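Keep in mind it's a predicted model, so treat the numbers as computed, not measured. Side chains are part of it too, since the values below use all heavy atoms of this structure and drop only hydrogens, waters and symmetry mates.
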Protein chains: 2
Amino acid sequence: MNMVKKPESQAGKVRKGSTGWMLKILCTSLDAEMSDELRRLGLNLGQFAVLMTLSEAEGLTQSEIGKKITMPGYATTRTIDALEEKRFVERRKDNRSRRSYRIYLTDQSRKVVPQLFAVVGKVNEHLLSALTPKEQKDFMKILQKLVLSRTE
Amino acid sequence: MNMVKKPESQAGKVRKGSTGWMLKILCTSLDAEMSDELRRLGLNLGQFAVLMTLSEAEGLTQSEIGKKITMPGYATTRTIDALEEKRFVERRKDNRSRRSYRIYLTDQSRKVVPQLFAVVGKVNEHLLSALTPKEQKDFMKILQKLVLSRTE
DNA sequence: TATTGTTATACTCTATAACTATA
DNA sequence: TATAGTTATAGAGTATAACAATA
């Protein structure tokens, strides 16, 4: 066999010790889990993000939604097109600016939102179940700090 | 104005308190940073992952590489095609199985690998710089535990 | 002039499944 | 029959830039 295995090489340490690498693995795994759950509701991750944002504050404009979830304009347009076609959101004329729409949930999607919360809860719970209560608390606190440091 | 803002709604808590959501935000941010750095070296994230894997153990088959980084066969083929075209890897006949190749770095890519380590180091350092030394240690430990729980 | 939203277009990524050649 | 690797092909996602309407 001609495989050259370096004795717990520098590379091994770089990779396994890399915070970014570990975050990536976790994210890939979580994305797959979320996508599976959402597929059953006929949604993809982008559509899910928009619905979650609206469940927090309805009547946002498209650009406000896009900004909240860092989704570019063209993608926001198409995601909302898809959600509108499924009757999950509604575009209403803005009564202040005639070039903006305000986006609202529908009766149909309001029934789905609790299921979205449930999915989020389930996936988070599954993730955190590997940790002790103290670790869970530490982890959340650190994540909040990191997210803040990257978004301001 | 017809925006309906719910008073720090259930949804707000679900979203902001969601570990998965925060992980996603971090990952997106890190991916963008990594991609920017790698673009200068003419690499994308998939190619980077393959090179890092090879820098740890050369002479793997394509399917072994794909398995290590959870990349499907068709993507592994194409990533290695692209790397081969850039003279960053070399396919050598396996001397045991005539249907497998063994993949090796080249002199050229061996010069690039230290730069890859440097990029990883830089991005990790930037990420962790928002945390105290104690938090950094806790964070790494927790991530290792979580990755382990998801990959076995 | 700048902004909101849309669209044409191209390009990349991802996924399926069929295929060759081995084992 | 199963596996390693390749490829055709289709679909989804991403990006750029141009555009109309409006501010």
Check your understanding: Can you find a donor-acceptor N/O pair under 3.5 angstrom joining the side chain of A:Arg99 to the base of C:dT4?
Key -> no
For a quick test of reading the model: is some side-chain N or O of A:Ser100 closer than 4.0 Å to OP1 or OP2 of D:dT22? no
A:Leu38 CG to D:dA12 P, in whole Å, measures 17 Å
Is any side-chain heavy atom of A:Leu116 closer than 4.5 Å to a side-chain heavy atom of A:Ser55?
-> no
Using a 4.0 Å heavy-atom cut-off across all strands, classify B:Thr77 as base, sugar-phosphate, or nothing.
-> base
May I ask you to say what A:Tyr74 touches in the nucleic acid, namely base, sugar-phosphate or nothing, with a heavy-atom cut-off under 4.0 Å? base
Here the distance between atom C1' of C:dT22 and atom CG of B:Asn95, to the nearest Å, is 16 Å
Between CE of A:Met71 and C1' of C:dT4 the distance, given in whole Å, is 17 Å
In whole angstroms, the gap separating P of D:dT6 from CD1 of B:Ile65 amounts to 11 Å
Between CZ of B:Arg78 and C1' of C:dC11 the distance, given in whole Å, is 14 Å
Exercise for review: Using distance alone, with no hydrogens and no angle criterion, decide if A:Ser109 and A:Thr106 have a side-chain donor and acceptor under 3.5 Å apart.
Suggested key: yes
By nearest-heavy-atom nucleotide on DNA chain C, the more 5' of B:Asn44 and A:Asp81 is A:Asp81
Rounded to whole Å, the CD1-P distance (A:Ile103 to C:dT4) equals 14 Å
note: A:Leu45, atom CG; D:dA12, atom C1'; distance rounded to Å ~ 13 Å
Within less than 4.0 Å of OP1 or OP2 of C:dT4, is there a side-chain N or O belonging to A:Ser97? no
Taken to the nearest whole Å, CD/B:Gln62 to P/C:dT22 is 15 Å
When A:Lys141, A:Lys134, A:Gln136 are each screened for side chain to side chain donor-acceptor pair (under 3.5 Å) with A:Asp138, the one that passes is A:Lys134
Taking only side-chain N and O atoms of B:Arg102, does any of them lie within less than 4.0 angstrom of OP1 or OP2 on D:dA4? no
Between the CG atom in B:Leu23 and the SG atom in A:Cys27, the distance rounded to the nearest 0.5 Å is 5.5 Å
With a 4.0 Å cut-off on heavy atoms, is B:Thr76 in touch with a base, just the backbone sugar-phosphate, or nothing at all? nothing
Using a cut-off of strictly less than 4.0 Å, decide whether B:Arg91 has a side-chain nitrogen or oxygen near OP1 or OP2 of D:dT6.
yes
The reported gap from CG in A:Leu146 to CG in B:Leu131 (rounded to nearest 0.5 angstrom) is 4.5 Å
